[in-house]
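Structure, as structure tokens:
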Amino acid sequence: MVHYLIRRLMIGAVTLILVTFLVYALIRNMPGTPLTLDMTVADPSVEISPENLKRMERNYGLDKPWYVAYFKWLGNLGRGDLGHSFVEHKPVTTVIATRVWPTLLLSATSLFLVYLLSVPMGLFTTVRSGHLDERALSLTLYMLYSLPSFVAALMLLVLFAVKLEGTAFELPMYDMKGQDYDQLSMFGKVGDVLKHMILPVTCFTYGSLAYFSRFVKSNMEEVIRQDYIRTARAKGVGPVRVIWHHAFRNTMIPFVTLIGLTLPTLLSGSVILEQIFTWPGMGKLFFESLGRRDYPVLMGLTLMFTILTLLGQLLADFLYAVVDPRISYS
């Protein structure tokens with residue numbers, strides 16, 4: 001196990017360096033720089049001298065080739081320094097930390113609902129396969145899965161924030177807090193945030209719920225055709241025990257792959273949905289940093305997302321050994 005873990009960590013370190021190197025090359029070669037973007041909003045009557053221009057380039061780290069700047073960033077990373085935001089003039093860790101909680105609030109709630117509902121829905125559609133209720137549920141799931149989340153977000157906003165405005169069913173259109181948030185009691189603040197979460201969480205959840213439940217159903221249908229399932233039924237084992245104890249346990253191996261791969265989504269957020277709902281999370285921060293060419297923040301986010309992806313894959317491998325005793329890494 002120790003040798004396997006060391007090998008995976010070494011492969012992960014090489015992968016991390018290659019990913020950050022490629023991303024740094026891409027963002028540094030995008031049209032525009034933090035300097036040129038600052039000059040577009042500056043007073044056109046003020047002429048910048050060549051000395052000031054060079055000084056500003058040094059401040060932004062643009063006076064060196066991008067590959068030299070990358071290795072400087074990598075060296076600072078080795079000392080635990082992610083740099084300072086060009087726009088907010090704060091440490092990158094501070095900028096990212098302020099956006100973690102809003103994204104985690106949405107994604108953790110969404111994933112909890114997905115795992116809570118997808119397994120029983122998948123088992124139900126397996127047991128009731130071919131019946132009218134199963135066909136209706138499967139059709140609904142197919143329709144939800146094919147509906148883009150940003151389209152659903154706009155439709156829900158029109159319905160609950162515009163059409164139902166002034167009614168008991170009205171829901172907030174944007175942000176995660178109301179204008180009177182600071183004047184509310186503790187329970188009032190919690191209720192206000194929860195009310196703002198309803199539409200974003202719905203859009204975050206329904207697509208994954210449809211996919212995960214269909215994933216469970218397809219794997220269950222493959223397992224229940226195996227000989228050992230027929231043998232268990234022939235021995236008089238009850239249908240609930242056959243489905244839950246014998247069949248479902250063997251669908252956990254591919255299912256844990258999804259659990260590992262969803263780990264990065266806990267903090268990555270959704271750029272489109274967070275923009276639509278103006279939710280101050282990681283996805284919105286990534287979009288804003290990209291538009292403002294805030295290289296340190298972009299690299300900090302890339303580093304975090306890459307580490308989470310690698311950890312998710314490692315977690316999936318270890319979960320394999322948990323759900324399947326035949327798998328061993330020793």
Side-chain angles (χ1 to χ4, degrees), residues 100-129 133-134 136-156 160 171 176 193-223 243-244 247-277 279 281-284 305 308-309 311-320 322-323:
V100 167
W101 168 244
T103 290
L104 192 61
L105 192 61
L106 287 185
S107 56
T109 304
S110 175
L111 286 178
F112 173 76
L113 293 174
V114 167
Y115 289 126
L116 180 67
L117 300 176
S118 62
V119 172
M121 290 174 68
L123 296 179
F124 174 81
T125 53
T126 301
V127 174
R128 298 289 296 173
S129 181
D133 51 0
E134 183 273 331
L137 180 58
S138 297
L139 178 62
T140 303
L141 293 175
Y142 275 126
M143 293 174 62
L144 289 175
Y145 186 65
S146 62
L147 179 65
S149 58
F150 65 90
V151 175
L154 296 175
M155 293 171 60
L156 290 174
F160 288 98
L171 292 175
M176 65 177 293
V193 173
L194 290 176
K195 190 174 182 180
H196 282 78
M197 286 175 56
I198 293 176
L199 295 184
V201 167
T202 300
C203 295
F204 266 84
T205 303
Y206 77 84
S208 298
L209 177 62
Y211 176 77
F212 275 56
S213 59
R214 296 299 302 174
F215 184 86
V216 172
K217 181 178 186 293
S218 63
N219 282 279
M220 284 289 294
E221 288 181 338
E222 181 180 351
V223 170
I243 291 295
W244 183 255
F248 179 66
R249 288 186 62 181
N250 286 279
T251 66
M252 289 297 292
I253 297 176
F255 192 67
V256 296
T257 305
L258 291 179
I259 297 177
L261 295 178
T262 54
L263 180 61
T265 63
L266 282 173
L267 294 179
S268 61
S270 171
V271 174
I272 297 178
L273 289 179
E274 290 187 2
Q275 280 293 117
I276 292 176
F277 293 105
W279 192 267
M282 303 293 284
K284 194 169 187 294
F305 297 157
L308 286 175
T309 301
L311 288 177
Q313 294 174 349
L314 185 61
L315 175 63
D317 287 345
F318 280 105
L319 288 177
Y320 285 153
V322 173
V323 299

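Every residue was checked against the side chain to side chain donor-acceptor pair (under 3.5 Å) condition with Thr126, not counting sequence neighbours, and none meets it. In this structure Glu222 satisfies the side chain to side chain donor-acceptor pair (under 3.5 Å) test with no other residue, sequence neighbours excluded. Checked against ring pair (Phe, Tyr, Trp, His ring centres under 6.0 Å), Tyr211 has the following partners two or more places apart in sequence or in another chain: Tyr145. By the side chain to side chain donor-acceptor pair (under 3.5 Å) test, Ser110 is found to be paired with Thr205, residues two or more places apart in sequence or in another chain being considered. With sequence neighbours left out, Leu116 forms a side chain to side chain contact (heavy atoms under 4.5 Å, CB included) with Phe112. In this structure Lys284 satisfies the salt bridge (charged side-chain N to carboxylate O under 4.0 Å, His left out) test together with Glu288, sequence neighbours excluded.
Here the shortest heavy-atom pairing between Leu123 and Val216 reads N-CG1, 4.3 Å. Contact record, Ser118 with Leu209: N-CD1, 3.6 Å, taken as the closest heavy-atom pair. Contact detail for Tyr206 and Ser149: the closest heavy-atom pair is OH-CA, 3.1 Å. Here the shortest heavy-atom pairing between Trp279 and Pro200 reads CE3-CG, 4.3 Å. For Glu221 against Ser129, the heavy-atom pair with the smallest separation is OE2-OG, 3.9 Å. Closest non-hydrogen pair, Glu274 versus Gly283, comes out as OE1-N, 2.8 Å.
Distance check, rounded to the nearest 0.5 Å: CG of Leu117 to OG of Ser208 gives 12.0 Å. One finds the CE atom of Met155 at 10.5 Å from the CZ atom of Phe160 (value rounded to the nearest 0.5 Å).
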Checklist entry - For Met143 and Leu147, what are the C-alpha separation, side-chain angles and deciding distance, and is it a side chain to side chain contact (heavy atoms under 4.5 Å, CB included)? => result CA-CA 6 Å; Met143 293 174 62; Leu147 179 65; over 6 Å; no
Next on the checklist: Quick one, Leu113 with Phe204, criterion side chain to side chain contact (heavy atoms under 4.5 Å, CB included). Give me CA distance, side-chain angles, the key distance, then yes/no.
Outcome noted: CA-CA 10 Å; Leu113 293 174; Phe204 266 84; over 6 Å; no
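Using modelled atom types, one side-chain atom of Thr103 and one backbone atom of Met282 make a donor-acceptor pair closer than 3.5 Å.
Counting heavy atoms from C-beta on, the side chains of Phe277 and Cys203 come closer than 4.5 Å.
For the residue pair Arg214/Ser138, the side-chain donor-acceptor check at 3.5 Å is satisfied.
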